[in-house]
Visitor: 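Structure incoming, see below.
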Amino acid sequence: MVAMAKLLLVLAVAILTISMVESKLKETNNAEEQHQLERVNGQGGQKNAKGSLQSSQCPEQCLRRCSQTRYKKPCLFFCLKCCRACLCVPSGYYGNKEECPCYNNWKTKRGGPRCP
């Protein structure tokens, strides 16, 4: 019985440690994305975004933008993230990113495009 109690205690500590690490990783990723967005937009991140959309218009615009792709879930996820940050979604289903400089210039860590 004592062995079982020790095992449960170790398991609880392990779960707590894992959740703390995950939380810290999320904070780090959010801070990195915010830093990158600030570099793209100037200094203020979302506050200085140049787009003319309201964030409530993003779902409709991203559904349009992603309607022709096979990969709808990731397209919508990243499009919504970019739209909320940049307040802009390029016209058409592909390309035309020059219409939204923030959307166009937001890159991944590897230098690839973050926004579809």
Side-chain angles (χ1 to χ4, degrees):
M1 193 63 155
V2 174
M4 182 69 121
K6 286 182 181 180
L7 180 63
L8 287 174
L9 181 62
V10 168
L11 186 60
V13 169
I15 290 172
L16 181 62
T17 303
I18 289 170
S19 67
M20 289 172 59
V21 168
E22 284 180 345
S23 174
K24 198 65 165 173
L25 284 173
K26 284 180 184 177
E27 288 175 17
T28 302
N29 286 340
N30 287 341
E32 287 175 6
E33 286 179 2
Q34 184 63 31
H35 177 70
Q36 186 178 18
L37 186 58
E38 287 172 359
R39 283 193 325 228
V40 169
N41 279 338
Q43 313 104 345
Q46 295 180 16
K47 294 176 186 169
N48 290 338
K50 302 291 184 195
S52 59
L53 292 177
Q54 295 178 355
S55 63
S56 62
Q57 296 172 300
C58 289
E60 177 185 341
Q61 293 299 314
C62 287
L63 280 172
R64 173 194 51 79
R65 179 77 173 171
C66 296
S67 66
Q68 300 292 313
T69 184
R70 283 190 230 174
Y71 309 103
K72 287 201 185 340
K73 271 188 164 182
C75 181
L76 286 171
F77 175 82
F78 288 108
C79 181
L80 286 169
K81 187 173 200 167
C82 294
C83 181
R84 288 189 179 117
C86 300
L87 300 176
C88 184
V89 176
S91 63
Y93 308 111
Y94 182 79
N96 303 320
K97 289 185 182 181
E98 64 279 354
E99 296 174 2
C100 301
C102 168
Y103 194 97
N104 188 37
N105 297 332
W106 199 7
K107 305 293 184 194
T108 64
K109 291 177 186 176
R110 294 183 175 179
R114 182 172 296 271
C115 304

Visitor: I'd like to know if the side chain of Thr69 and the backbone of Cys66 have a donor-acceptor N/O pair within less than 3.5 Å.
Guide: no
Visitor: Can you measure from CD (Glu98) to CG (Asn104) and round to the nearest 0.5 angstrom?
Guide: 7.0 Å
Visitor: Taking Tyr93's backbone N and O only, do any of them form a donor-acceptor pair with Arg64's side chain (distance below 3.5 Å, no angle check)?
Guide: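 The answer is no, because no donor-acceptor pair under 3.5 Å joins these two groups.
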Visitor: Under 2.5 Å between the SG atoms: is that true for Cys88 and Cys83?
Guide: no
Visitor: In the hydrophobic cluster built from side-chain contacts under 4.5 Å, what are the other members alongside Leu63?
Guide: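 Grouped by the 4.5 Å side-chain rule, Leu76 form the rest of the cluster around Leu63.
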Visitor: Would you say Arg65's side chain and Val89's backbone share a donor-acceptor pair under 3.5 angstrom?
Guide: no
Visitor: Quick one: closest heavy-atom pair of Lys109 and Arg114, and the distance?
Guide: N-NH2, 4.4 Å
Visitor: Do Pro116 and Cys75 touch side chain to side chain, with heavy atoms closer than 4.5 Å?
Guide: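 Side chain of Pro116 against side chain of Cys75, heavy atoms only: contact under 4.5 Å found.
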Visitor: Looking at side-chain heavy atoms only, is the closest gap between Lys81 and Trp106 below 4.5 Å?
Guide: yes
Visitor: So, do Gln54 and Leu87 sit near enough that their side-chain heavy atoms are less than 4.5 Å apart?
Guide: no
Visitor: So, the side chain of Glu60 versus the backbone of Gln57: is there a donor-acceptor pair under 3.5 Å, distance only?
Guide: no
Visitor: Looking at Lys97 and Tyr103, would you say the former's side chain and the latter's main chain have a donor-acceptor pair under 3.5 Å?
Guide: no
Visitor: Among Cys115, Cys58, Cys62, whose disulfide bond (SG atoms under 2.5 Å apart) with Cys79 holds?
Guide: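 The residue from Cys115, Cys58, Cys62 that satisfies disulfide bond (SG atoms under 2.5 Å apart) with Cys79 turns out to be Cys62.
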